[in-house]
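Worksheet for the structure shown next.
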There are 2 protein chains.
Amino acid sequence: MKSNVTMKDIADQLGVSSVTVSKALNDKEGVSVELKAKIKQVAEGMGYRYNTLAKQMKEGLTYNVGVIIPERFTGLTQTQSFYLNMYQSIAKELEKSGYYGILHILNRADEDKLNLPRIYNEKRVDAFIFLGQINKTYIEKLQDVEIPKIFLDFYDEQADIDAVITDNFYGAYEMTNYLIKHGHREIGFVGNLYSTSSIQDRFLGFYKSLLEHKIELNYAYVIKDRNEHGAFIDLELPDKLPSAFVCNCDQVAHHLVNKLKVLGYRIPEDCSIVGFDNDIYATITEPSLTTIEVNIQEMAKQTTKSIVEKIQNNNQSFGRISVKGKLIYRNSVTKVAER
Amino acid sequence: MKSNVTMKDIADQLGVSSVTVSKALNDKEGVSVELKAKIKQVAEGMGYRYNTLAKQMKEGLTYNVGVIIPERFTGLTQTQSFYLNMYQSIAKELEKSGYYGILHILNRADEDKLNLPRIYNEKRVDAFIFLGQINKTYIEKLQDVEIPKIFLDFYDEQADIDAVITDNFYGAYEMTNYLIKHGHREIGFVGNLYSTSSIQDRFLGFYKSLLEHKIELNYAYVIKDRNEHGAFIDLELPDKLPSAFVCNCDQVAHHLVNKLKVLGYRIPEDCSIVGFDNDIYATITEPSLTTIEVNIQEMAKQTTKSIVEKIQNNNQSFGRISVKGKLIYRNSVTKVAER
DNA sequence: CTGAAAGCGCTTACAG
DNA sequence: CTGAAAGCGCTTACAG
């Protein structure tokens, strides 16, 4: 069980050349069936482990993909398991294709100073997946990056970079339709419209539903949930509450429900509330939240498929892929009360 | 900005040798200050990126560490962000030392069939961190693995493999002391004693506290929380409730609180309950849970430091490192009621 | 201070 | 079917 057994060692053992050993172990043409079997058997016996580095060097490919998550989405504060779950799914999918995902947390300083990850400068990865919205200026800086890259869970219209996103627009649209079907006409939205493209699109889907139903958008009902750094802020409620709120995510819906309960409102009797994401906050909220489930696995699958294709086919562009979510019906919505 | 600029290209550009370029870029001795500056400048100008593969191959080291998490700890079911958080901390720490963490989810089939991860057979990693308890037989199989390895968050007495764990024993001991100080004499424990070493140690810390206070252990108060596959089961409560329960983790404490509330008990007035981990379940439970905070960052730091040392110093052994947790006081404990 | 030579462990043409 | 030669992009002695 020596650790540094090479093909040459196996070759010497059998009195053949290392070329033949290479062919045999890789199941390539040009080795007799018997010799191939013999070689494999000896390799096994000698405890041979294939040295990927040599192949990588020959090809100039690492078979690693960098997955970059901005630090602000990863705080050790309980939340955001969404991104880690996504990373996990990606790691699994990549492995199926013979690739490996290297996680890099992009800290705020590097993001501000436009420092590219070291894994890039050391040629440790063949491509990048950016998971979670990054700064505008950093996105511009990415023009310099000469390997394939994909945005995941956000996109940028300026930069011509392929993206895989959840169908935020349609999800919020469907959700709002659902509320309207329940008689709601005064519906608020909770989220900072200038924070991320996801929130923006969810807002626009919400707005589209209002437009279709000829319901006027009341900006007094649009409530900011976070500051420009993405940190949650205290929710400022309007004097008069709408009969329902569409929240841009479950966590904020959770905050809102708790805040309203403290103020003496009953949910959903006095106010219906819906979330987005179907993360842990959807089920721990009392009442449990009607929400949109993001299809993490499908998103990971699409992302992996696309990035592998880009690596193998000359970085071809595919544009933007929207992965549909699914409406999950729970207990935070009721028919609008007669007033 | 050609992508495949090599040291040779830089050398040719300047009419020097690639050896000199190598020395200059690595800040080694033997290049004049002016030439070094010149070389660095030209490298920058040509968009040179260092090719780590060549160095890796020369050294026979990848500077990658495999982090293995058994699948059962990662289910996409909301929970277990603990392990992913730990992985994230490890990835960060490794990067500080010039290493990168490759996540591999060990699925049940591979675990049962004793298949070693492909990253091992392809020599893609220099060492392994096993995060979360694995099968006994798989642990035995690890004897064959000829690179450094560490167990994280569990250990095995048979296998002589170094481990970093949270101080389960002392944490539960302290917690139980705390309950006893509040007048509790009838205290239950919730957890399957045969499931993991963590649960066992927490139980034993709990038991030590009872012994020290001359309180008899009542097995009717020891409640199983999961089956042998680690899946949670329905909690079977004793006919007469103790005045307090030490739960082996926050999630189970959360279940227990909810179950007792449904049965009409008030927490903590009728029964005090404490958890372990200080994960999201500790704060979402109503009342919030008094618990032990596991120091994820410190554990990640110790693990990384140890594994890097093992890689660099001939796999030297360091035994077992216990990282102390911290008692977090919340609202799920009260003085025992007079009966 | 500078560089020619050899080598890390494979694979890819190409020749026999 | 089998193998000698060259090369992937560096670094490490060693010589000048």
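Keep in mind that what you see is a predicted model, and the values were worked out from it rather than measured. Just so we're on the same page: letters track the sequence lines, and every chain starts at 1. Heavy atoms only: backbone and side chains are in, while hydrogens, waters and symmetry mates are out.
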**OP:** State the dot-bracket string of DNA chain C. Criteria: Watson-Crick or G-U wobble, both atom distances under 3.5 angstrom; notation: ( ) intrastrand, [ ] crossing earlier pairs, | interstrand, . unpaired.
**Re:** |||.||||||||.|||
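- For the OP1/OP2 pair of D:dG3 and a distance below 4.0 Å, the side-chain nitrogens and oxygens of A:Thr20 include at least one atom meeting the criterion.
- Remark: A:Glu95 does not engage A:Lys92 in a salt bridge, criterion side-chain N to carboxylate O under 4.0 Å.
- Between B:Arg108 and B:Glu111 there is no salt bridge, since no side-chain N of the basic residue sits under 4.0 Å from a carboxylate O of the acidic one.
- Taking the charged nitrogens against the carboxylate oxygens, A:Glu122 and B:Lys55 have no contact shorter than 4.0 Å, which rules out a salt bridge.
- Proximity of the aromatic rings of A:Phe154 and A:Phe130 is defined here by a centroid distance below 6.0 angstrom, and this criterion is not met.
- Listed by residue number, the members of residues 28-36 of chain B with any heavy atom below 4.0 angstrom from DNA chain C are B:Gly30, B:Val31, B:Ser32, B:Leu35.
- Around atom NZ of A:Lys136, more than 12 heavy atoms belonging to other residues, nucleotides or ligands sit under 6.0 Å away.
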Name the pairs: protein N/O against N/O of nucleotides 7-9 of chain D, kept only if under 3.5 Å.
from  : atom 1 : to      : atom 2 : distance (Å)
D:dG9 : N2     : B:Ala54 : O      : 3.4

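- When rounded to the nearest whole Å, the span between NZ of B:Lys23 and C1' of D:dT12 equals 9 Å.
- With salt bridges taken as basic N to acidic carboxylate O contacts below 4.0 Å, one links A:Asp144 and A:Lys141.
- Ion pair A:Asp162/A:Lys149 not flagged as a salt bridge, since none of the NZ, NE, NH1 or NH2 atoms sits closer than 4.0 Å to an Asp/Glu carboxylate oxygen.
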